[in-house]
Structures are given as structure tokens and as C-alpha cells.
Amino acid sequence: MKNWISFPKSDGKTSHQAHCDLPAGTYEREFGREGFFGPVTHLYHTNPPTGWTSWEGDTRPRAFDLTKLNHSAPSPWDARAVMHNAHMKMHFWHIEGNMPTLACNADGDTLLFTHSGAGDLFCDFGHLSFREGDYILLPRGTRWRVECRHASFLMIEATNDGFRLPDKGLLGEQAIFDPAMLETPSINEQFKAQQTKDETYVIIKRLGRFSTVTFPYNPLDAIGWHGNNLPVKLNWRDIRPITSHRYHLPPSVHTTFLANRFVVCTFVPRPIETDPGALKVPFFHSNNDFDEIIFYHQGNFFSRDNIHPGMMTLHPSGFPHGPHPKALKASNTAPKTETDEVAVMIDTRDAVDISDAAHKVEWAGYVDSWKEK
């Protein structure tokens with residue numbers, strides 16, 4: 001992509017560059033479009049953009065403790081719904097033991113993020129082992145099942161759509177993670193051993209309704225395959241994040257997968273900026289075209305208070321958000337040298353609806369957590 005030089009307009013007192021060397025006593029807010037890719041203006045406020053004292057209504061910062069959704073389900077189709085819109089559906093699925101049937105999603109691609117546990121996944125294409133921190137991308141129409149003692153997954157559906165990789169532009173296709181290291185299913189001995197003549201049920205989800213198909217044998221009976229439409233596995237530990245010691249990069253540089261109406265980003269441990277004038281926590285921003293959802297997987301979440309692994313936050317479009325006061329103060333007085341957090345962010349262009357199950361595990365005090373203590 002090539003861009004002509006443009007000269008954004010400015011007025012009043014500003015920094016020389018965004019996110020660096022802010023005017024004394026000011027708070028920078030990014031007011032942007034298209035999720036950090038579109039037109040943007042940076043404003044310099046004399047008060048924190050998140051300095052509200054009260055809030056009424058549903059359009060507010062929200063937090064949910066998904067660890068309290070302790071419902072165990074043998075099928076992903078029985079998992080607890082969390083949020084959805086016309087283009088994305090999100091569930092939190094906890095399973096104890098082996099799936100008794102095969103699942104098949106005819107409504108779109110399925111992305112599993114393994115929050116806890118380990119086990120084996122068998123599908124049309126072969127066998128994949130999995131562990132905590134693995135993404136498993138299952139193309140639409142794939143038949144699959146899981147064997148494990150116990151595991152928990154964040155399950156994301158790209159409704160009537162598929163997941164793709166982001167364009168890495170100037171960085172080159174091997175940046176962040178090399179597609180060559182994505183793992184694919186194997187026609188190995190474990191896969192062959194489960195090719196039995198036992199009666200097998202396939203539960204197909206289509207338009208949110210379910211059909212059961214019975215086979216007198218296990219239909220996962222392939223002896224080989226070739227092609228490029230198949231499941232892949234990626235662990236967060238194999239992601240090598242883009243960093244800058246002089247500039248706080250936007251969340252979009254951490255994009256892992258994307259669909260037409262939402263993106264999935266992965267925040268992994270990284271060095272914190274060392275330049276004296278650079279911001280060292282996420283900047284205040286108004287992400288005006290997207291709802292921002294973050295699932296906290298593990299570690300210490302340096303820009304948030306009272307958030308623990310297994311929680312999820314939702315920042316709908318319509319208001320600025322950014323670091324909590326304690327995190328902002330610490331970044332100026334005793335900055336850390338690296339982050340210690342793993343989180344999955346889902347930015348959706350369309351507003352999400354919150355499920356009844358999520359409402360029951362909401363932390364109502366989250367909106368007040370920006371208040372100065």
C-alpha cells in the first residue's frame with residue numbers, strides 16, 4: 001500500500017507526535033475510526049477521559065466472571081452462551097471426559113481457545129493434541145470430537161463466515177508467527193485406532209437448530225488428505241509480538257485472526273517501552289466503530305484492577321476507555337519492564353447482546369473501578 005503525504009490539522013496545545021511526550025498535566029485520547037486503521041484525531045485533556053463519578057444505562061464498561069459458569073457440558077452445543085451478534089457467537093465451554101458424539105458446525109468456522117486442560121481432538125482430517133493456550137481453528141462443516149479429563153474453552157463462531165490471517169504488510173508474512181509452523185491434523189496411529197465400526201452420532205448445527213445423523217461406523221475414517229482447507233492449531237507461546245521501545249503500538253498489531261465483521265487479537269508477554277517520553281500503558285481511546293471484548297487468560301493484567309484469569313470485559317462503542325488510575329500512576333512513577341499477561345481480544349463491528357448466563361456472573365462494580373481510590 002502506498003500513501004501520499006497528508007498534513008492533519010491541529011489546534012491548541014498538542015504533543016509533537018501521538019503517544020509521546022504529552023504536554024505537561026494532560027491526558028491524551030485517541031478518537032478514531034475503523035478500529036485503529038481509519039481517520040483519527042488525538043485530543044489532549046486536562047482531566048482523565050475516564051473520570052466519571054456515576055453511570056446509568058446499559059452502554060457502560062462491563063465485566064463478567066466466566067469462572068462462575070461452572071456448568072459442564074459433554075457437547076459444545078450445550079456450552080454456556082456469553083455474547084453474540086448477527087456475525088459472531090461466543091460461548092464458554094467446560095467439558096469433563098470424552099465427547100460421546102461428533103459435532104459439526106454448518107453455520108460458520110469455529111475457533112476454540114483452550115483456557116485450561118489438555119487432551120486430544122479427532123476430526124475428519126486426523127488427530128491433534130491440545131493443551132492450555134492453544135487456538136484450534138475448525139473450518140465450517142468439519143466433524144470433530146474431543147477426548148480429555150477436563151478442559152475449558154472460549155469458543156468463537158464466525159457466523160456465515162470464516163477466519164483468515166491478517167495482512168502483515170511491511171513486516172512480511174513470517175512476522176508475529178510464521179504460517180509454516182501452524183500445526184495441522186495427522187493421520188497417525190491414534191487416529192487410526194479410533195476408526196471403529198461402533199455406531200456414531202453426528203450432531204449438526206445449522207441456523208441454530210440441531211440435527212442428529214447416525215452412522216453404523218465412525219465416519220472419521222480418512223486414510224489421507226491434501227489441500228489447504230483444514231483445521232490448524234496455534235499456541236500463544238508461538239506468537240512473537242511486534243514491539244517498539246519508543247512508541248506504544250495500538251492493539252491492532254496483535255491481530256491473530258479476522259473475519260469480515262470482527263477481529264481476534266492475542267496479547268502476550270512483551271517488553272514495555274523504555275523511551276522516557278513514550279506511553280507505557282494503553283492509551284485512552286474512543287474505538288467508535290467497534291465493541292471491544294477482552295478475555296483474560298493468565299498473568300497479571302497491568303492496566304486493570306481486580307481482574308483475574310477467566311474474566312471477560314466489554315467496552316461498547318460510545319465512550320472512551322483506558323488504563324485504571326493506579327496503573328497509570330505506576331507507569332509514571334515505577335514502570336514495569338515487561339508485561340505478564342495473556343489475553344484474547346475480540347473487536348466486533350456490530351454491537352453484541354449479552355446472554356442471560358453472562359448477566360448472572362456480571363461484576364456490577366466494574367464501571368466504578370476507574371474512580372480514584
Side-chain angles (χ1 to χ4, degrees), residues 66 69-82 84 88-132 134-160 162-163 183-225 229-233 355 357:
L66 302 190
L69 297 177
N70 53 9
H71 168 73
S72 179
S75 168
W77 308 143
D78 297 320
R80 295 295 197 205
V82 180
H84 73 278
M88 184 278 300
K89 292 178 176 62
M90 188 186 308
H91 293 74
F92 192 68
W93 178 36
H94 180 69
I95 180 173
E96 296 179 356
N98 300 341
M99 284 175 58
T101 64
L102 298 177
C104 176
N105 190 355
D107 285 332
D109 282 9
T110 300
L111 183 64
L112 299 174
F113 178 76
T114 312
H115 179 52
S116 66
D120 298 283
L121 181 140
F122 298 92
C123 65
D124 288 297
F125 306 90
H127 164 256
L128 274 172
S129 62
F130 67 85
R131 61 168 176 152
E132 167 274 315
D134 278 336
Y135 285 105
I136 303 173
L137 171 54
L138 298 160
R140 184 179 192 169
T142 301
R143 297 174 297 187
W144 60 279
R145 66 182 178 87
V146 160
E147 291 187 359
C148 65
R149 291 184 61 189
H150 56 80
S152 295
F153 302 93
L154 182 67
M155 186 166 64
I156 307 167
E157 174 188 288
T159 306
N160 203 31
F163 289 102
E183 295 187 44
T184 55
S186 175
I187 308 285
N188 56 21
E189 293 306 313
Q190 283 178 271
F191 183 68
K192 294 175 182 177
Q194 57 89 58
Q195 294 178 340
T196 67
K197 296 297 183 180
D198 296 338
E199 189 172 71
T200 303
Y201 303 96
V202 182
I203 302 179
I204 303 169
K205 183 174 79 72
R206 175 62 174 160
L207 300 177
R209 299 188 292 270
F210 301 96
S211 301
T212 301
V213 184
T214 304
F215 289 87
Y217 53 85
N218 181 1
L220 304 186
D221 60 358
I223 61 170
W225 54 262
N229 180 31
L230 65 154
V232 296
K233 182 179 75 171
S355 72

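One is the number of the first residue; the rest follow in order along the sequence.
The distance from atom CD1 of Ile136 to atom CD of Glu183, rounded to the nearest 0.5 Å, is 10.0 Å. Expressed to the nearest 0.5 Å, how far CD of Glu147 lies from CZ of Phe122 amounts to 4.5 Å. Here the straight-line distance linking atom CH2 of Trp144 with atom OG1 of Thr101 works out to 9.5 Å at 0.5 Å rounding. In this structure, CG on Asp221 lies 9.0 Å from CD on Gln194, to the nearest 0.5 angstrom. Atoms CG and CD, on Asn218 and Glu199 in that order, are 12.0 Å from each other to the nearest 0.5 Å. The distance from atom CD of Glu96 to atom CZ of Arg149, rounded to the nearest 0.5 Å, is 10.5 Å.
Side-chain contact between Asn105 and Trp77: present, with at least one pair of heavy atoms (C-beta onward) separated by less than 4.5 Å. The side-chain heavy atoms of Phe130 and Val146, taken from C-beta on, include a pair separated by under 4.5 Å. Under the 4.5 Å side-chain criterion, counting only non-hydrogen atoms from C-beta, Asp109 is not in contact with Thr142. Between Trp225 and Ile187, some side-chain heavy-atom pair lies under the 4.5 Å cut-off. Contact check for His91 versus Ser355: no side-chain heavy atoms found under the 4.5 Å cut-off. Proximity of Thr114 to Arg131: side-chain heavy atoms (C-beta onward) are nowhere separated by under 4.5 Å. By the 4.5 Å heavy-atom criterion applied to side chains, Thr184 and Phe125 are not counted as neighbours.
Residue Thr196 comes nearest to Ala193 through the heavy atom pair CG2-O, 4.1 Å, listed as atom of the first residue, atom of the second, then distance. Between Cys104 and Gly141, the closest heavy-atom pair is SG-O, 3.5 Å. Nearest approach of Phe191 to Leu220, heavy atoms of both residues: CZ-O, 3.5 Å. The minimum heavy-atom distance linking Pro139 with Leu137 is given by the pair CD-O, 3.6 Å. Annotation for Lys89 and Thr159: closest pair NZ-OG1, 3.4 Å, computed over non-hydrogen atoms. Nearest heavy-atom pair across Leu69 and Ala357 is CD2-O, 3.7 Å.
Centroid-to-centroid, the aromatic rings of Tyr135 and Phe163 stay 6.0 Å apart or farther.
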Could you go through residues 205-213 and list every donor-acceptor pair under 3.5 Å that involves a side-chain atom there, pairing it with any protein atom two or more places apart or in another chain?
| unit_1 | atom_1 | unit_2 | atom_2 | d |
| --- | --- | --- | --- | --- |
| Lys205 | NZ | Asp107 | OD2 | 2.8 |
| Lys205 | NZ | Glu157 | OE1 | 2.7 |
| Arg206 | NH1 | Ala106 | O | 3.2 |

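Panel note: side chain Trp93, backbone Met155; no donor-acceptor pair is recorded below 3.5 Å. In this structure, Ser75 contributes its side chain and Ala73 its backbone to no donor-acceptor pair below 3.5 Å. Counting only distance, with no hydrogens or angles, the side chain of Gln190 and the backbone of Gly126 share no donor-acceptor pair below 3.5 Å. Side-chain N or O atoms of Asp124 include one that pairs as donor or acceptor with a backbone N or O of Arg143 at under 3.5 Å. Proximity of a side-chain donor or acceptor of Thr110 to a complementary backbone N or O of Leu138 within less than 3.5 Å is not detected.
Under the rule for a side chain to side chain donor-acceptor pair (under 3.5 Å), the partners of His127 that lie at least two apart in sequence or sit in another chain are Asp120, Asn188. By the side chain to side chain donor-acceptor pair (under 3.5 Å) test, Asn160 pairs with Arg140, sequence neighbours left out.
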Walk me through it: do Ile95 and Cys148 pass the test side-chain contact (heavy atoms from CB on, under 4.5 Å)?
-> CA-CA 8 Å; Ile95 180 173; Cys148 65; 3.8 Å; yes
Test side chain to side chain donor-acceptor pair (under 3.5 Å) on His94 and Ser72 and set out the steps.
-> CA-CA 5 Å; His94 180 69; Ser72 179; 4.8 Å; no
